[in-house]
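Here's the structure, in structure tokens; my notes come after.
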Amino acid sequence: MTAHENLAPEAIVQRAELLRRLIERYNHSYYVLDSSEVPDGEYDLRLRELQELESRFPQLATPDSPTQRVGTAPAAAFAELRHGLPMLSLDNAFSEAEVRDFDRRIRERLAHMASLRYCVEPKLDGLAVNVTYLDGHYARAATRGDGEKGEDITANLKTIRSLPLRLRTDKPPRVLEVRGEVFMPIAGFRRFNEQATERGEKPFVNPRNAAAGSLRQLDPRISAARPLDLFAYGVGEVQGGSLPGRQGELLEELRRLGLRVCPLVRTVESIEGCLEYFRQIGQVRHQLAYQIDGVVYKVDDFGAQRELGFVSRAPRWAIAHKFPAEEALTKVRGVEFQVGRTGAMTPVARLDPVQVGGVTVSNATLHNIEELRRKDVRVGDTVVVRRAGDVIPEVVEVLREYRAVVAPPIELPMFCPVCGSAVERSGDQAVARCTGGRRCAAQRREEIKHFASRRALDIRGLGEKLVDRLVEADLVRTPADLFDLDLHALAKIERMGERSARKLLASIEAAKSTTLPRFLNALGIRDVGEATAAALAEHFGELGPLRGATPGEIQSVPDVGPIVAANVVGYFHDPENTVILERLLAHGIHWTRLTAARKHEGRLVGKVFVLTGALSRYTRESATAAIAARGAKVSTSVSKRTDYLVSGVDPGSKIEKAQALGVPILDEEAFEKLLAS
Ligand code: 5U1
């Protein structure tokens with residue numbers, strides 16, 4: 001007997017409605033506001049209760065019930081749907097000058113208006129859709145198509161959990177067309193591709209293709225299994241209801257109705273504000289959870305928009321300011337293997353120079369031999385090259401249909417191209433390595449570059465080119481040799497004047513005063529990056545105890561597993577490393593001891609930080625490392641125990657929780673000041 005057995009029919013109807021409302025609310029919190037209102041178990045219980053009720057009384061299963069998102073049986077073909085109002089397209093601007101022209105044209109037409117505000121938001125790299133609500137209920141959805149009519153994707157879109165099936169209002173408009181962009185968040189895209197590769201399927205090239213491919217599935221159950229999301233950015237036809245008179249306010253209203261709107265939407269007072277927004281978003285775009293290809297500026301006032309009107313299909317009142325293209329086509333001239341600090345052999349494609357993301361690219365990584373084989377890159381191939389932000393350019397895919405002459409496949413060399421040592425690839429490892437160690441000039445060079453780099457010992461003025469020359473001249477073979485350099489030795493380096501030499505020696509001297517996390521990072525132990533170095537320093541407090549630690553002790557450090565522990569022990573037990581380490585210490589490299597007394601002096605010791613949104617000068621790892629280096633901790637969720645919430649761009653719902661709990665919220669500048677204090 002179920003819990004509902006004794007209920008009267010009206011009570012069952014009421015119970016089903018209550019459950020629907022409850023689950024809709026939980027879905028809204030979870031998928032739209034990014035915060036969980038109840039534990040997963042409670043959610044599952046309520047959903048199951050509703051499913052049970054609906055299977056016993058099928059007439060209760062309304063089409064917009066939250067149980068109806070799983071995806072229905074496949075269709076034979078997509079039907080055509082006509083939009084209530086045409087879906088417009090957007091003109092593009094690729095430079096500041098084009099944006100200023102756009103603003104000038106508007107001000108000329110609206111000369112009588114004293115001020116001109118713009119509503120600005122990121123331009124998602126996804127798929128435009130039109131979603132129709134009738135009396136507040138999800139009714140149908142279509143792709144943009146030719147702007148007049150698109151493909152009927154009602155069943156597919158319904159599987160997107162952040163899309164409300166019922167608007168959160170008691171007085172919905174009779175007809176409301178919501179316009180928005182469907183996208184696949186980057187994390188979901190990566191996860192999906194990993195799983196696809198494991199299943200032996202071809203991964204998607206980018207999140208946009210993944211979103212489009214997932215939506216355009218005749219079997220909506222396939223769409224249901226894909227991590228899709230949607231941001232609303234406007235409306236089409238509206239009947240039997242009224243909406244605000246400004247774009248910014250409209251988006252607020254859509255948010256109130258339960259739709260997901262990009263949290264980075266702003267209104268600005270002039271075109272200068274638009275351009276400043278473009279720069280800000282450009283700085284953090286690669287830290288966002290989704291891919292964007294520019295920002296959109298819209299005249300905020302709908303009256304002004306009406307006055308401006310359209311030119312063919314594009315409104316005069318809006319423009320997309322695009323970032324420079326991050327992908328381009330070019331030809332592969334050759335493939336060479338580069339040897340890294342730990343001997344890892346990275347295949348690198350030498351390319352016909354091409355403009356990507358605003359710079360000229362002539363080399364692109366192929367990551368490892370597995371990737372090279374999977375993509376099957378050959379000399380002479382036409383390839384798509386991608387350069388996203390500061391990331392090293394990579395070959396994304398080969399355009400097979402452009403392959404005229406078939407060159408042989410590229411093979412992993414048996415011997416290191418730099419030192420001639422054997423190349424080793426153990427078991428199922430994707431990475432092949434040169435076994436030469438410090439006998440290999442490439443490994444020596446890379447070790448020293450890493451040691452001197454900004455996040456390690458930060459030896460100012462010792463750039464990559466200079467390291468190449470020092471290693472070539474055999475003046476420096478290990479990091480310890482840097483501290484033996486003097487004016488006499490540096491005089492052997494061509495084109496280096498005495499002034500530059502003195503400056504370099506001063507930098508090397510200054511770098512002797514460092515921190516333990518930096519020093520551990522600088523040693524270049526395999527798999528020990530900035531965050532692990534900070535965690536090891538925090539746990540052991542000093543170098544001595546770490547050098548003498550067993551693998552078991554090292555594994556007790558948070559996030560350190562057996563492989564990293566074995567690498568750390570292996571490093572400190574290696575006789576050659578021991579000599580180098582002793583020499584470094586003998587040269588006077590030092591840091592302030594994190595003694596118990598000092599730990600208690602630090603203002604931030606024991607404090608709990610939560611990070612949200614993207615910071616412009618820190619990655620999540622480097623912010624975590626900076627916090628850990630001060631004896632504080634990073635937690636993933638805001639609670640009463642949180643001391644500070646550090647909020648970057650696109651912060652999510654943690655902000656609201658922090659506000660509710662009275663947790664201090666720091667922007668990037670305040671965070672930096674606190675770290676420095
Ligand atoms: N964010 C955003 N994307 N997007 C695309 N807003 C926006 N507006 C559009 C389009 C096509 O069109 C309106 C200007 C009608």
Side-chain angles (χ1 to χ4, degrees), residues 83-94 98-99 102-103 105-106 116-132 141-150 162-163 176-185 207-208 211-212 215 229-238 243-255 259-268 274 277-278 280-282 285 288-323 649-650:
H83 308 308
L85 279 182
M87 284 184 81
L88 305 169
S89 54
L90 266 176
D91 273 343
N92 292 322
F94 294 94
E98 285 174 22
V99 170
F102 157 78
D103 174 63
R105 288 193 299 270
I106 289 177
L116 192 61
R117 266 204 298 188
Y118 288 101
C119 182
V120 295
E121 64 183 301
K123 185 168 185 310
L124 271 284
D125 201 2
L127 205 78
V129 294
N130 184 26
V131 186
T132 309
T143 58
R144 180 180 182 283
D146 63 6
E148 299 285 342
K149 51 194 176 348
S162 61
L163 184 73
L176 175 66
E177 282 189 335
V178 176
R179 305 281 161 83
E181 196 89 356
V182 172
F183 61 95
M184 190 179 279
R208 187 186 184 284
L215 259 197
D229 209 337
L230 179 145
F231 279 155
Y233 59 68
V235 295
E237 186 181 10
V238 184
L243 289 169
R246 290 176 175 278
Q247 172 70 10
E249 292 167 4
L250 170 75
L251 295 181
E252 260 314 305
E253 180 62 16
L254 291 178
R255 214 177 252 146
L259 288 142
R260 197 160 152 83
V261 172
C262 178
L264 295 175
V265 174
R266 301 282 180 274
T267 45
V268 297
C274 292
Y277 181 77
F278 179 81
Q280 281 173 5
I281 298 292
R285 65 180 288 211
L288 299 179
Y290 37 83
Q291 211 170 52
I292 63 174
D293 59 357
V295 295
V296 183
Y297 312 136
K298 293 176 186 168
V299 171
D300 194 42
D301 185 86
F302 287 159
Q305 286 188 5
R306 274 189 294 275
E307 233 176 283
L308 288 163
F310 308 88
V311 189
S312 67
R313 293 251 141 247
R316 283 199 187 88
W317 42 265
I319 201 154
H321 188 178
K322 301 289 273 287
F323 296 126
V649 176
D650 198 9

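Atoms within each ligand, like the ligands themselves, are counted from 1 in listed order.
- Only the backbone of P122 comes within 4.0 Å of ligand 1, judged by heavy-atom distances.
- Rounding to the nearest 0.5 Å places CZ of F102 at 9.5 Å from CH2 of W317.
- In this pair, Y297 and H321 present their aromatic rings perpendicular. The plane angle is above 60°, beyond the 30 to 60° band.
- Using a 4.0 Å cut-off to heavy atoms of E121, the atoms of ligand 1 that qualify are 1 (N), 6 (N).
- For Y277 and Y118, the distance between ring centers is not under 6.0 angstrom.
- Contact annotation: for K298 versus ligand 1, heavy atoms closer than 4.0 Å belong to the side chain alone.
- Minimum interatomic distance between L254 and G234 (heavy atoms only, all atoms of both residues): CD1-O, 4.0 Å.
- Taking a cut-off of under 4.0 Å to the non-hydrogen atoms of A318, the atoms of ligand 1 that pass are 14 (C).
- Closest to atom 9 (C) of ligand 1 among all protein heavy atoms lies Y233 CE1, 3.4 Å.
- Note: no N/O pair closer than 3.5 Å links K123 and ligand 1 by distance alone.
- Residues R208 and E181 are not paired through a salt bridge, judged by the lack of any N-O separation under 4.0 Å between the basic side chain and the carboxylate.
- For atom 12 (O) of ligand 1, the nearest non-hydrogen atom from the set L90, I292, V261 comes from L90.
- For T267 against G248, the heavy-atom pair with the smallest separation is CG2-CA, 4.3 Å.
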